[in-house]
Amino acid sequence: MTGLPMTVPADGLPARVRIHEVGARDGLQNEKSAVPTEVKAEFIHRLAAAGLTTIEATSFVHPKWVPQLADAEELMPRLRDLGHVALPVLVPNERGLERALALGATRIAVFGSATETFAARNLNRTVAESLAMFEPVVARAKAAADGPVHVRGYLSMCFGDPWEGPVPVDQVVRVAKALLDLGCDELSLGDTIGVATPGHVRTLLAALDQQGVTTDRIGVHFHDTYGQALSNTLAALQHGVTTVDASAGGLGGCPYAKSATGNLATEDLVWMLDGLGIETGVDLAALTATSVWMAERLGRPSPSRTVRALSPKE
Ligand code: HMG
Ligand code: MG
């Protein structure tokens, strides 16, 4: 066993995929107890050393809503040596933007919902009110004194919602377009509770295409609740998507969405992409070692199949 898959390329897939690593944010926001700031900083440094170039670092949300990330002000200065890495941060409102800009953030993400119930639970707003909340955030980010800040627009509950059930494709397309109309540079389609299947992914991407939202502006963000995240990713790659969100070791979930488990594990993704000969720049052994190290800090094994397979003693 070499620790790497045999490379056998397949037709109709991109040559390179950009992995948007979310473990430090989506992963750690869901831990029962807050991880010490030094451990978060070391985690992010190890992820960067493993070759990840986009690492979502933290959130500037209300500390009472997500206490696990209440140390954003302490964490960001510890990442100043990572100038070569994109370190996006979540920002829900102008207060969050001000906090992020004061710490030198150059990439932010606003996060909307395709459903009313999740918008209310996650942002204390209706869908329309949350878009109105994001509008000045995006405008001010684009006009920032040190140059335009890159803005990602997350869209949650793109496939199903734990309270509302299946989410109609046209409802998702409507909010997706509204986020892009605000000026977001890219859109990340969230399967927050992991219920999507590949046909549904292709149908949504085709519907977005038809409305002029091309795949070069789209990332996919799959949670792995039903073990579908990798199949859904392959479906998205076949459709031309080249930005994939993943979480080292499969950490994650959302504290405001019942039944959200961890994201697609970055190691499982890299194993598949390595096997397909798709470039990511990530060193799988170094990444796996990072997730084993983090699992030790969290006191439980990583849920990633690849991490477990490559570290049988874990
Ligand atoms: P609210 O209670 O409506 O806040 O929460 P408000 O606007 O009424 O303000 C109340 C007080 O909070 C004010 O203070 C504000 O200054 C303060 P006061 O004047 O009363 O002293 N405040 C803040 N303080 C610090 N930082 C801030 C901030 N904003 C207001 N940014 C709010 C509204 C949006 C703030 C709240 O709902 C919130 O923080 N939500 C965050 C929830 C969250 O982070 N969820 C997880 C991320 S989303 C996710 O995981 C899904 C994703 O992974 C994709 C997927 O899987 O689908 C992205
Ligand atoms: Mg998520």
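One-based numbering, in listed order, for ligands and for the atoms of each.
Within the listing of ligand 1, atoms 50 (O), 53 (O) sit less than 4.0 angstrom from a heavy atom of Asp26. Residue His221 approaches ligand 1 through these ligand atoms, each under 4.0 Å from one of its heavy atoms: 53 (O), 54 (C), 55 (C), 56 (O). Near Gly96, meaning under 4.0 Å from one of its heavy atoms, ligand 1 places the atoms 31 (N). For ligand 1, the atoms lying closer than 4.0 Å to a non-hydrogen atom of Asn124 are 1 (P), 2 (O), 3 (O). Close approach of ligand 1 to His223 is summarised as follows: ligand atoms under 4.0 Å from at least one heavy atom of the residue are 56 (O). Close approach of ligand 1 to Ser156 (heavy-atom distance below 4.0 Å) involves ligand atoms 51 (C), 54 (C), 55 (C), 57 (O).
Among the heteroatoms counted here (N, O or S) of His223, NE2 is the one nearest to the Mg ion (ligand 2).
No more than 12 heavy-atom neighbours from other residues, nucleotides or ligands sit within 6.0 angstrom of CG on Asp146. By the neighbour-count criterion of 12 heavy atoms within 6.0 Å, atom CZ of Arg78 is densely surrounded, having more than that number from other residues, nucleotides or ligands.
Ring geometry, His200 versus Phe159: the interplanar angle exceeds 60°, so the pair is classed perpendicular (tilted spans 30 to 60°).
Of the listed residues (Arg125, Arg25, Arg95, Gln29), the one carrying the non-hydrogen atom nearest atom 4 (O) of ligand 1 is Arg125. In the candidate list Asn122, Val22, Asn93, Asn122 is nearest to atom 40 (N) of ligand 1, counting heavy atoms. Of the options Phe159, Phe60, Phe118, the smallest heavy-atom separation from atom 31 (N) of ligand 1 is shown by Phe60. Closest heavy-atom approach to atom 34 (C) of ligand 1 among the candidates Pro92, Ala72, Ala119: Pro92.
Remark: Arg217 does not engage Glu186 in a salt bridge, criterion side-chain N to carboxylate O under 4.0 Å. At a threshold of 4.0 Å, the pair Arg18-Asp245 does not count as salt-bridged, since none of the basic side-chain nitrogens sits closer than that to a carboxylate oxygen.
Scanning all heavy atoms of the two residues, the minimum distance from Val137 to Met133 falls at CG2-O, 3.4 Å.
Residues Thr117 and Glu164 have side chains that bring a donor and an acceptor to within less than 3.5 angstrom of each other. Between the side chains of Glu21 and Thr266, a donor-acceptor pair is found at a separation under 3.5 Å.
The shell of residues lying under 4.0 angstrom from ligand 1, judged by heavy atoms, excludes Lys64.
Heavy atoms of Val66 found under 4.0 angstrom from ligand 1 belong exclusively to the side chain.
For the Mg ion (ligand 2), the N/O/S atoms of Asp26 include one lying under 2.8 Å.
Side-chain contact between Leu237 and Val220 is absent, with no heavy atoms from C-beta onward closer than 4.5 Å. Proximity of Leu90 to Phe111: side-chain heavy atoms (C-beta onward) are separated by under 4.5 Å at one or more points.
Between His62 and ligand 1, a contact under 3.5 Å exists for at least one N or O pair.
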